[in-house]
Amino acid sequence: MIDLLEAPFDPAEALGEFNAQIAGAGAVVSFSGHVRPAAASGPVTTLYLQAYSPLTENGIREAVERAKARWPLSAVRVIHRIGEMQPGEAIVFVAAASAHRRAAFEAADFLMDYLKTEAVFWKKETGAQGASWIEPRTEDYKDRARWGA
Amino acid sequence: MIDLLEAPFDPAEALGEFNAQIAGAGAVVSFSGHVRPAAASGPVTTLYLQAYSPLTENGIREAVERAKARWPLSAVRVIHRIGEMQPGEAIVFVAAASAHRRAAFEAADFLMDYLKTEAVFWKKETGAQGASWIEPRTEDYKDRARWGA
Amino acid sequence: MVQLLFMGKLADVSGAMMVERVLPDEVQDTAALRTWLDEAYQADGALLEPSVRLAINSEIVAEPAKVRDGDEVALMPPVGGG
Amino acid sequence: MVQLLFMGKLADVSGAMMVERVLPDEVQDTAALRTWLDEAYQADGALLEPSVRLAINSEIVAEPAKVRDGDEVALMPPVGGG
């Protein structure tokens, strides 16, 4: 249900595997985030994602449990890359299945806001200008606040 | 960008094809809806979807244009089945790609609300109790109303 | 002659999805068409409902609209896919 | 001896992600640990910031919390993945 992967993965393949186990759920929402090829400071050459196990996994697991308590979900999947990755590669994949369309949308949205602002990861972007650590934007914290405590 | 298909399709494959053409978009949200195996009245044996071309396609195209005017999207994909289908089969696939996570979520959500309440389709569910035509629920119209006119 | 398309559940009213009919002289617009068809098919008002929209030659029309010989008129109950 | 983990950008402060140090006698809790490390690494307050949370033995702690010999203490600047 939750995986931190050191190697590249294909979100479409992840969706295929997810769909194979959700017989009966009417609605499936997936999100995938990809390494952007350019930042404000210029082209991005690599993105490095640091996790702190098992804190990272435990936190994501709790967020998934909160989502399941809040929405009627039949399945949830979270995949997150760690280590070094290249522009275009998938960083994160979230999928939520439910009998109800809005539940699937909201749960995926909620989990992404959690991953962006609370999941135990640190991100370093490297480009021609050197490396810089990236923290969540004000917007990310605002998005997160939509769901309450 | 928009397809009405008479044969079954695989949403995961559709996502793979979509992702292949969105290099640079940071965020991709997909929705897929599947024929439910049971309705309130019992097991569902088939779902029949009727369209009215070119009204159906034109309407979806306009909805996609409205989405593109409202959110900064780099790509949008809509696939909708027509004709007869079996439980578990995908009815609809929507994908939206954007540099911005919330834009991708909202555009996919908006398009699904359009497809559920305004797209020119008629749905007939057949089960042990016979056939019945299904119209949008009050909830669907309320979801649609979130986006304004 | 007009080609009438009874979409969705309205095919149950007419008994067929597609029907060709010669318009009586007094049927010149959509209001008269609805009344005429509702009686002809004993639809008990089903074809008069405002939730049933009409499309003429693949365009949804604001009613009342003219109906002419050769038109394709679709009677469309509430839509919804997904 | 404690094992100190400087997560994310804090590795730039300490020069290494993982450091082992013998705790001075006067460092018995997280408040004293922060002050001691901030001075030792000339971090100019970076390790005192409330946005930097501490985890002891893989649990985020409410501060001040006791620090004991043998603990693994992670110094965690603001998190965020995705």
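Chain letters run A, B, ... following the sequence lines, proteins first, then strands; residues in each count from 1. Predicted, not measured: the structure shown is a model, and the values here were computed from it.
- Looking at K116(A), the atoms closer than 4.5 Å to chain D (heavy atoms on both sides) sit in the backbone and in the side chain alike.
- For S53(A), the part lying near chain D is the backbone, with the side chain staying farther off; criterion is any non-hydrogen pair under 4.5 Å.
- Considering only heavy atoms from C-beta on, W122(A) stays 4.5 Å or farther from L10(D) through its side chain.
- Proximity of L55(A) to M76(D): side-chain heavy atoms (C-beta onward) are separated by under 4.5 Å at one or more points.
- In this structure, the side chains of P78(D) and W133(A) stay at 4.5 Å or more apart for every pair of heavy atoms.
- Only the backbone of A51(A) has a heavy atom closer than 4.5 Å to any heavy atom of chain D.
- Within the 4.5 Å cutoff, the side chain of Y52(A) has heavy atoms near those of the S58(D) side chain.
- In E59(D), the CD atom is not crowded: 12 or fewer heavy atoms of neighbouring residues, nucleotides or ligands sit closer than 6.0 Å.
- Here the straight-line distance linking atom CE of M17(D) with atom CD of Q50(A) works out to 4.5 Å at 0.5 Å rounding.
- With respect to chain D, the highest number of heavy-atom pairs below 4.5 Å among K124(A), E135(A), E118(A) belongs to E135(A).
- With hydrogens and angles disregarded, no donor-acceptor distance shorter than 3.5 Å links the side chain of H80(A) to the backbone of G81(D).
- Within a 6.0 Å sphere centred on CZ of R53(D), other residues, nucleotides and ligands contribute 12 heavy atoms or fewer.
- Surrounding CD of E139(A) are at most 12 heavy atoms belonging to other residues, nucleotides or ligands under 6.0 Å away.
- Other residues, nucleotides and ligands contribute only 12 or fewer heavy atoms inside 6.0 Å of the CD atom of E6(A).
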